[in-house]
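These notes are about the structure you will find just below.
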Amino acid sequence: MAVQPLVSDLNEWFGHNARDLPWRKPGVGAWAILVSEFMLQQTPVNRVIPHLQAWLQRWPTPAALAEAAPADAVTQWANLGYPRRALWLHRAAEEITTRHGGVVPRDVEDLLALTGIGDYTARAVAVFAYGERHPVVDTNTRRVLARVIDGRSQPGPPSRRDLDAMDALLPHEREDAALFNAATMELGATICTARAPRCDACPVASLCAWRSAGYPDTGDRRPRQATYEGSDRQVRGLVLRALRESSPSPVAAEDLAPDWPDPAQRDRAIDSLIVDGLIELEDGSACLPRGRKSLSEASAAP
DNA sequence: CACACGTGGCG
DNA sequence: TCGCCAAGTGT
């Protein structure tokens, strides 16, 4: 049952070099894994860790979170960024409670049907929480495969082919496959990094196509990120921060980001936050979503 | 498929 | 300083 060198080398390396992260401790349940994966969507590991601990202490089960008001989820989310993820996590908790009896589902199909869970998170939960065998592909995995397998400096744009590429490398045994998924991500996070890869410390340097090719810069950079200063994103962030800090007290609309130089843009931002369900506006004052069960929700339950 | 969506740290 | 980057997802 020999697996290919890439797998054995990476898994061996992972066995000795895996960081001691909270969601890797023995006995961590599927709910904790799921919450950690939500928080890790575009937020760095080091910033997630303290928030994860606090979140799980407050809401140890999906049912506990489902009973809370969305506003409390958004407030607890604090400055993790992309606050809609707090809303999505709250909604997923409701769905888990009503559709799955409060148990985080194991099947990728079921996981994908939950709000805020896509190709990555669904497989990460199935694999890391339940030991199922699936390819788990995140930005680290894509970069590692681009370099080691394809000899390119950067991965191309995300594609469903990424799943197939990882699937083709996956060892047969579930446990090995889970380790390989985690090891590949870990390599990308700590050694095969985007900016300054530490190829001298890489356990698979001898197998690396990018190295054999002489580390060519194959371009293929991701699209430039829009300027944050003065953006809708920034105003939305300011508005939401004010509401978080005053929650549960409402704030008069005119007191939300009052110094913002472009009032029209600020008003549009507030409207978009309402559309997104992140805030509610009533009688000229705003607050975080209180989450009265809507008629559709109440009657949707079987 | 390209784009919007927060926030902060690092080279 | 400032642009790049971070365990993505939904539209």
Side-chain angles (χ1 to χ4, degrees), chain A residues 14 18-19 21-24 32-52 74 77-89 91-92 111-129 134-144 153-163 166 178 181-190 192-198 219-244 257 268-269 272-273 275-279:
Chain A
F14 186 65
R19 288 169 296 173
L21 301 172
W23 45 91
R24 289 180 180 160
I33 303 275
L34 177 47
V35 174
S36 75
E37 294 299 349
F38 262 89
M39 290 184 171
L40 287 164
Q41 292 170 3
Q42 296 290 279
T43 300
V45 165
N46 293 327
R47 208 137 58 87
V48 162
I49 291 175
H51 288 280
L52 175 66
V74 172
W77 195 259
N79 63 340
L80 281 173
Y82 290 147
R84 51 175 58 180
R85 288 182 293 158
L87 231 40
W88 289 344
L89 177 53
R91 195 166 310 154
L111 287 160
L112 280 172
L114 300 174
T115 301
I117 292 192
D119 284 333
Y120 166 75
T121 304
R123 288 169 179 79
V125 170
V127 169
F128 301 139
H134 299 284
V136 180
V137 176
D138 74 337
T139 186
N140 293 303
T141 304
R142 298 196 313 106
R143 186 175 53 253
V144 168
S153 58
Q154 303 291 343
S159 151
R160 283 205 66 93
R161 300 184 193 289
D162 301 332
L163 278 179
M166 190 59 175
N181 278 310
T184 305
M185 290 170 60
E186 187 75 349
L187 187 78
T190 62
C192 194
T193 52
R195 221 104 48 109
R198 302 165 44 206
D220 219 351
R221 294 306 170 80
R222 64 177 65 174
R224 223 181 71 74
Q225 201 166 18
T227 306
Y228 184 66
E229 195 64 29
S231 65
D232 289 358
R233 262 177 175 164
Q234 186 182 25
V235 209
R236 286 169 54 108
L238 288 173
V239 167
L240 218 46
R241 179 152 60 90
L243 288 171
R244 258 191 262 121
R268 285 198 306 275
S272 74
L273 287 167
V275 169
D276 290 348
L278 278 164
I279 73 176

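Computed over heavy atoms, backbone and side chain alike; hydrogens, waters and symmetry mates excluded. All chains are named by letter (A, B, ...) in the order of the sequence lines, taking the proteins before the strands, and each is independently numbered beginning at 1.
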**Prompt:** Atom CG of A:D119 and atom CG of A:L111: how far apart are they, to the nearest 0.5 Å?
**Reply:**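 If I round to the nearest 0.5 Å, the distance is 11.5 Å.
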
**Item:** Atom pair CZ/CZ of A:R84 and A:R236 - distance to nearest 0.5 Å
**Value:**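 CZ of A:R236 is found 5.5 Å from CZ of A:R84.
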
Identify whether any heavy atom of [X] sits under 4.0 Å from a base atom; if not, whether one sits that close to sugar-phosphate; answer base, sugar-phosphate or nothing.
X	result
A:R24	base
A:N46	nothing
A:P157	nothing
A:R123	nothing
A:G81	base
A:T121	sugar-phosphate
A:L273	nothing
A:A194	sugar-phosphate
A:W23	base
A:L240	nothing
A:S159	nothing
A:R244	sugar-phosphate

**Request:** Could you check A:G116 against A:V45 and say which one's nearest nucleotide on DNA chain C is further toward the 5' end?
**Result:**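 With A:G116 and A:V45 compared, the 5'-side residue is A:V45.
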
**Request:** Identify, between A:W88 and A:E37, the residue whose nearest nucleotide on DNA chain C lies closer to the 5' end.
**Result:**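 By nearest-heavy-atom nucleotide position, the 5'-most residue is A:E37.
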
What integer number of Å spans the [atom1] atoms of [N] and [M]?
N	M	atom1	result
C:dT1	B:dG6	P	26 Å
C:dA7	B:dA4	P	22 Å
C:dA6	B:dC1	C1'	22 Å

**Message:** Tell me every residue that passes side-chain hydrogen bond (donor to acceptor under 3.5 Å, both in side chains) with A:R268, counting only those two or more places apart in sequence or in another chain.
**Reply:**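 Per chain and number, A:R268 pairs via side-chain hydrogen bond (donor to acceptor under 3.5 Å, both in side chains) with no residue.
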
**Request:** List for me each residue that meets side-chain hydrogen bond (donor to acceptor under 3.5 Å, both in side chains) alongside A:D162, sequence neighbours excluded, and say none if there are none.
**Result:**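 Not a single residue meets the side-chain hydrogen bond (donor to acceptor under 3.5 Å, both in side chains) criterion with A:D162.
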
**Message:** Working note: A:E186 + A:N140, criterion side chain to side chain contact (heavy atoms under 4.5 Å, CB included); need CA distance, chi angles, decisive distance, verdict.
**Reply:** CA-CA 8 Å; A:E186 187 75 349; A:N140 293 303; over 6 Å; no

**Message:** Is it true that, when you exclude A:R161 itself, more than 12 heavy atoms of the residues, nucleotides or ligands shown sit nearer than 6.0 Å to its CZ?
**Reply:**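 No, CZ of A:R161 has 12 or fewer neighbouring heavy atoms, counting only those of other groups under 6.0 Å.
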
**Request:** Kindly indicate whether the side chain of A:R222, heavy atoms from C-beta on, has any atom under 4.5 Å from the side chain of A:Q154.
**Result:**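 No. Closest side-chain heavy atoms not under 4.5 Å.
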
**Partners meeting salt bridge (charged side-chain N to carboxylate O under 4.0 Å, His left out) with A:R85 (sequence neighbours left out)** =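 Not a single residue meets the salt bridge (charged side-chain N to carboxylate O under 4.0 Å, His left out) criterion with A:R85.
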
**Message:** List the residues meeting salt bridge (charged side-chain N to carboxylate O under 4.0 Å, His left out) with A:R143, not counting sequence neighbours, and say none if there are none.
**Reply:**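 Applying salt bridge (charged side-chain N to carboxylate O under 4.0 Å, His left out) to A:R143 gives none.
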
Atom pair distance, as rounded to whole Å: [atom1] in [X] and [atom2] in [N]:
X	N	atom1	atom2	value
A:R224	B:dC3	CZ	C1'	15 Å
A:D276	B:dA4	CG	C1'	10 Å
A:Q42	B:dC3	CD	P	16 Å

**Opening and closing nucleotides of DNA chain C in contact with chain A, under 4.0 Å to non-hydrogen atoms** =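 Terminal contacting nucleotides, 5' to 3': C:dG3 to C:dG10.
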
Between the protein and nucleotides 8-11 of chain B, which nitrogen or oxygen pairs are less than 3.5 angstrom apart?
from	atom 1	to	atom 2	distance (Å)
B:dG8	OP1	A:N79	ND2	3.1

**Asked** Is the closest side-chain donor-acceptor distance between A:Y120 and A:E37 under 3.5 Å?
**Response**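 Judged by distance alone, the side chains do pair up.
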
